[in-house]
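Contents: one structure, followed by commentary.
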2 protein chains.
Amino acid sequence: MSAPSTPRRSTKQRDAVATELASEPTFRSAQDVHAALRASGSPVGLATVYRALQGMVEDGAADALRTGDGEVVYRRCSQGHHHHLVCRECGRTVEVEGPTVERWATRVAEQHGFHDVSHTLEVFGTCDRH
Amino acid sequence: MSAPSTPRRSTKQRDAVATELASEPTFRSAQDVHAALRASGSPVGLATVYRALQGMVEDGAADALRTGDGEVVYRRCSQGHHHHLVCRECGRTVEVEGPTVERWATRVAEQHGFHDVSHTLEVFGTCDRH
DNA sequence: CTGTATGCAAACATTTTGCATAAGC
DNA sequence: GCTTATGCAAAATGTTTGCATACAG
């Protein structure tokens, strides 16, 4: 179910995207990553950046989430289930775990007769540099 | 800060949108609401539906959230802070409160030096009719 | 060599906006 | 009557796709 059905092929562009994404600990849009790559002399196509990022998400190498404006932003991510604490000023992101929340979500859902429970949770705030 | 800077004017179209939204306890896209209104004989413009729904969100009369495909879906909502338990089969929605989660989010955020904390949380599952 | 990956531009879907007209108060 | 709301169509936005070519294995 989570095995890459398409065995990725390693290319200059994919590496560039992966490296660029790893270089910043914040969530960034595909367009941002594309611009950064261009700026640093890698003439990668925008569509390629989108495809590379989607591939990374499928492989669990990156996390995607949608901003309030409907942009999808990506971040290199550790494996496993976790949530994000994102600074709304600078975009700095901290990965957090919430066993409490996991349990709460499951329990509440089951009380209402729901099964196969999953959830999305993002915490926003202003970090201490602001 | 949350006072409507633009004092809404009551019109046939806004009422129609509000009524239509209230008629179903599930999240629906602006396009769905628009189609439903057309079907029931209210020739409302799509842009008007968007504007009406946005107004309702501003006034706290509706809740908006983004689907996985990047569509914004709306639902008539009770006031106050709460979360949603959404059936991924039929879209049925239950409003839930989570004091536990609120506390957890605030605490974790503060531990990392964040303030002015807010969060988004949606729980998905399959309800007992499926 | 065979088959993915890339790049470009065109296609797409959703949402927003400009402007003339209609309607609320 | 003054001002906000509506409707239409056009523009904007962010993302995806078709197809010919380049490159990895």
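So you know, we letter chains A, B, ... as the sequences are listed, proteins then strands, and number each from 1.
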query: So, for A/H119 and B/H84, is the gap between ring centers shorter than 6.0 Å?
result: no
- request: Classify the side-chain pair B/H83/B/E102 by whether it contains a donor and acceptor separated by less than 3.5 Å.
  value: yes
Separation of A/T93 OG1 from A/L85 CG (nearest 0.5 Å): 8.0 Å
message: Nearest whole Å is fine: how far is D/dA5 C1' from B/L46 CG?
response: 15 Å
Pairs touching residues 61-77 of chain B that satisfy side chain to side chain donor-acceptor pair (under 3.5 Å), sequence neighbours left out: B/R75-B/E95
- prompt: Under 4.0 Å between a side-chain N or O of B/Q13 and OP1 or OP2 of D/dG7?
  reply: yes
field: Whole-Å distance separating the CG atom of B/L53 from the P atom of C/dT16
entry: 11 Å
- prompt: Side-chain donor-acceptor pair under 3.5 Å between A/R88 and B/S118, yes or no?
  reply: yes
- prompt: Atom CG of A/D32 and atom P of D/dT13: how far apart are they, to the nearest Å?
  reply: 15 Å
- request: Grab the CG-P distance between B/D15 and D/dA5 for me, whole Å please.
  value: 13 Å
task: With sequence neighbours left out, write down each residue that passes side-chain contact (heavy atoms from CB on, under 4.5 Å) with A/A62, or none if nothing qualifies.
output: A/L21, A/M56, A/V57
Exceeds 12 heavy-atom contacts within 6.0 angstrom, atom CD of B/E97: no
message: Using a strict threshold of under 4.0 Å (side-chain N to carboxylate O), is an ion pair present between A/E58 and A/R8?
response: yes
- request: Return the angle between end axes of the helix from C/dC1-D/dG25 to C/dC25-D/dG1, with five pairs used per end and rounding to 10°.
  value: 40°
- prompt: Under the side-chain contact (heavy atoms from CB on, under 4.5 Å) test, which residues partner A/R103, sequence neighbours left out?
  reply: A/P99, A/T100
message: Check this one for me: any side-chain N or O of A/R14 less than 4.0 Å away from OP1 or OP2 of C/dT6?
response: yes
message: Tell me the interatomic distance from A/R8, atom CZ, to D/dG25, atom C1', rounded to whole angstroms.
response: 17 Å
Can you pull every protein N or O that's under 3.5 Å from an N or O on nucleotides 19-24 of chain C?
from	atom 1	to	atom 2	distance (Å)
C/dG24	N3	B/R9	NH1	3.3

query: Is the phosphate of D/dT15, meaning OP1 or OP2, less than 4.0 Å from a side-chain N or O of A/Y50?
result: yes
- request: Decide side chain to side chain contact (heavy atoms under 4.5 Å, CB included) for A/L65 and A/V72; before the verdict, give the C-alpha distance in whole Å, the side-chain angles of both, and the deciding distance to 0.1 Å.
  value: CA-CA 6 Å; A/L65 76 86; A/V72 183; over 6 Å; no
task: List the steps and the verdict of side chain to side chain contact (heavy atoms under 4.5 Å, CB included) for B/Y50 and B/Q31.
output: CA-CA 8 Å; B/Y50 274 102; B/Q31 317 245 8; 3.2 Å; yes
- prompt: Within this structure, what is the CD-to-C1' distance between B/Q54 and C/dT17, rounded to whole angstrom?
  reply: 11 Å
Give each protein N/O atom lying under 3.5 Å from an N/O atom of nucleotides 9-13 of chain C, with the pair distance.
none

task: Specify the separation, in whole Å, of atom CD of A/E58 and atom P of D/dT16.
output: 11 Å
task: Find the distance A/F27:CZ to D/dG14:C1' and express it as a whole number of Å.
output: 18 Å
